[in-house]
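To start, the structure under review is shown below, and the notes come after it.
Just so it is clear: chains get the letters A, B, ... in the order the sequence lines come, proteins before strands, and each one is counted from 1.
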2 protein chains.
Amino acid sequence: MEHRIDRIKKQLHAQSYKLTPQREATVRVLLEREEDHLSAEDIYLLVKEKAPEIGLATVYRTLELLSELKIVDKINFGDGVSRYDLRKEGAEHFHHHLVCIECGSVEEVVDDLLGDVEKIIENDWGFQVKDHRLTFHGICKQCQKATVKS
Amino acid sequence: MEHRIDRIKKQLHAQSYKLTPQREATVRVLLEREEDHLSAEDIYLLVKEKAPEIGLATVYRTLELLSELKIVDKINFGDGVSRYDLRKEGAEHFHHHLVCIECGSVEEVVDDLLGDVEKIIENDWGFQVKDHRLTFHGICKQCQKATVKS
DNA sequence: AAACAAATGATAATAATTATTATTATATAA
DNA sequence: TTATATAATAATAATTATTATCATTTGTTT
């Protein structure tokens with residue numbers, strides 16, 4: 001964990017931003033809850049446990065900054081809320097998501113499955129791909145089992 | 001166009017909803033501007049030209065209804081606004097989008113490029129895919145040319 | 001220590017969306 | 001056809017997420 005904090009610190013410094021205590025507390029929450037897809041409000045409440053004096057606006061500002069530096073990805077699953085997701089270390093692209101329409105669970109797919117598709121987009125459409133967002137909506141393993149049973 | 005209105009009318013009736021004049025006006029706007037990706041506010045203003053007495057809430061309600069019936073897809077490109085996109089006739093899945101990070105233009109990719117990827121998701125993850133959202137962010141043809149010139 | 005810039009906290013403002021409510025249109029049953 | 005239930009609507013209030021403002025604090029440089 002400290003290693004990753006360090007890396008993020010360097011990424012910030014490279015653009016002459018500092019890792020303030022508030023920013024560090026926010027990053028720590030993101031690291032601890034890496035599997036989750038937290039909203040700004042969620043993150044705010046969790047950061048408050050570590051640093052009760054922090055303001056909501058600071059959390060938003062920090063997330064915005066981390067977003068610009070591609071340290072986190074801002075994603076929206078269709079409810080009106082933005083969620084923030086740490087990029088895996090060294091990952092060039094944003095990972096994919098499987099959203100269950102029954103139970104609302106969100107699973108991450110880290111493999112990049114879009115290599116071929118991106119080639120098609122670049123060759124046939126002349127569109128230079130920089131990043132992607134891919135989300136599948138469907139029924140997760142658990143909910144499939146539940147349906148069979150009932 | 002009348003043919004497609006008719007189809008939508010039937011889809012509504014099948015769930016015992018009616019195609020009221022307000023709903024029809026909304027659908028007509030969506031059909032006329034099929035290539036665009038309009039926000040609820042955009043649609044409201046356009047519908048008002050046909051039916052000036054319509055209320056914004058009705059447009060929202062209509063779009064919500066059409067969304068549930070999978071007649072339109074609600075999509076969010078990262079600005080805080082939901083956009084509404086008619087499904088192509090007979091299309092099983094939502095089409096893909098190419099969003100230019102320079103000029104903001106949005107291009108549609110109607111071909112379904114995800115067949116193989118969906119198979120992987122179903123086989124390896126045991127996730128039963130019902131629909132997908134795929135958006136590429138990058139630089140469109142026009143902006144690439146512009147960059148070379150300058 | 002003085003001066004400057006960056007970052008923060010508190011809170012006001014904004015924008016998108018949803019809820020409420022009274023009214024109107026539509027369909028149904030006597 | 002008229003009475004009655006139901007669905008849909010317009011207007012607008014309320015809510016929610018996010019952004020902007022601004023006074024204060026922190027940290028850095030000279």
Side-chain angles (χ1 to χ4, degrees), chain A residues 8-9 11-29 37-69 71-85, chain B residues 8-29 37-69 71-85 104:
Chain A
I8 290 169
K9 193 173 184 174
Q11 286 175 270
L12 284 168
H13 284 166
Q15 314 275 331
S16 53
Y17 294 109
K18 314 169 212 171
L19 187 65
T20 62
Q22 291 90 339
R23 286 176 184 165
E24 183 171 334
T26 306
V27 168
R28 280 184 189 278
V29 165
H37 299 83
L38 303 172
S39 68
E41 186 79 27
D42 295 338
I43 294 166
Y44 170 63
L45 292 173
L46 290 166
V47 173
K48 253 184 128 56
E49 291 174 10
K50 291 180 196 300
E53 74 291 353
I54 201 169
L56 176 58
T58 300
V59 173
Y60 269 102
R61 277 185 296 238
T62 300
L63 292 170
E64 187 57 32
L65 177 62
L66 295 173
S67 227
E68 276 167 29
L69 301 185
I71 294 165
V72 308
D73 284 298
K74 192 174 171 182
I75 192 169
N76 192 303
F77 290 129
D79 53 352
V81 198
S82 294
R83 296 173 184 283
Y84 298 86
D85 211 354
Chain B
I8 290 169
K9 192 172 183 174
K10 276 178 199 147
Q11 284 176 274
L12 285 169
H13 284 165
Q15 314 275 332
S16 54
Y17 294 110
K18 312 168 211 173
L19 186 65
T20 62
Q22 291 90 338
R23 287 176 183 164
E24 182 170 335
T26 306
V27 168
R28 280 183 190 279
V29 165
H37 299 83
L38 304 171
S39 68
E41 186 78 27
D42 296 338
I43 295 167
Y44 170 62
L45 293 174
L46 290 166
V47 173
K48 254 183 126 59
E49 293 175 10
K50 291 182 197 299
E53 74 291 351
I54 201 169
L56 176 59
T58 299
V59 172
Y60 270 102
R61 276 184 298 238
T62 300
L63 292 170
E64 188 57 33
L65 176 63
L66 294 174
S67 227
E68 274 166 30
L69 300 186
I71 294 165
V72 308
D73 284 298
K74 192 174 172 182
I75 192 169
N76 193 303
F77 290 130
D79 52 351
V81 198
S82 293
R83 296 173 184 283
Y84 297 86
D85 211 353

Next on the checklist: Run the side chain to side chain donor-acceptor pair (under 3.5 Å) test on A:Arg23 and A:Thr26 for me, step by step, so that the C-alpha distance in whole Å, both residues' side-chain angles and the decisive distance to 0.1 Å come before the verdict.
Outcome noted: CA-CA 5 Å; A:Arg23 286 176 184 165; A:Thr26 306; over 6 Å; no
Next on the checklist: What is the separation between atom CG on A:Leu19 and atom P on C:dA6, rounded to the nearest whole Å?
Outcome noted: 18 Å
Checklist entry - Rounded to the nearest Å, what distance is computed from the CG atom of residue B:Asn76 to the C1' atom of nucleotide C:dT17? => result 13 Å
Checklist outcome for this item: In whole angstroms, the gap separating P of C:dA6 from OH of A:Tyr17 amounts to 10 Å
Item to check | Rounded distance in Å - CD (A:Glu68) to C1' (D:dT19) | outcome: 14 Å
Item to check | Rounded distance in Å - NZ (A:Lys18) to P (D:dT25) | outcome: 17 Å
Next on the checklist: Once ring pair (Phe, Tyr, Trp, His ring centres under 6.0 Å) is applied, do any residues pair with B:His13, and if so which ones, sequence neighbours excluded?
Outcome noted: none
Checklist entry - Once you round it to whole Å, what is the distance between C1' of C:dA6 and CD of A:Gln15? => result 16 Å
Checklist outcome for this item: Closest non-hydrogen contact found for B:Tyr44 with B:Ile54 is CE1-O, 3.6 Å
Report, one pair per line, the protein and nucleotides 20-24 of chain C atoms (nitrogen or oxygen only) whose separation is under 3.5 Å.
none

Checklist entry - Between atom CG in A:Leu65 and atom P in C:dA7, what is the gap in whole Å? => result 8 Å
Item to check | Minimal non-hydrogen separation, A:Lys74 against A:Ser67, with atom names | outcome: CB-OG, 3.7 Å
Checklist entry - In whole Å, what is the span from the NE2 atom of B:His13 to the P atom of D:dA7? => result 14 Å
Checklist entry - Where is the tightest heavy-atom contact between A:Glu41 and A:Leu56, given as atom of each residue plus distance? => result OE1-CD2, 4.3 Å
Checklist entry - Between B:Ser82 and C:dT17, is there a side-chain N or O to OP1/OP2 distance below 4.0 Å? => result yes
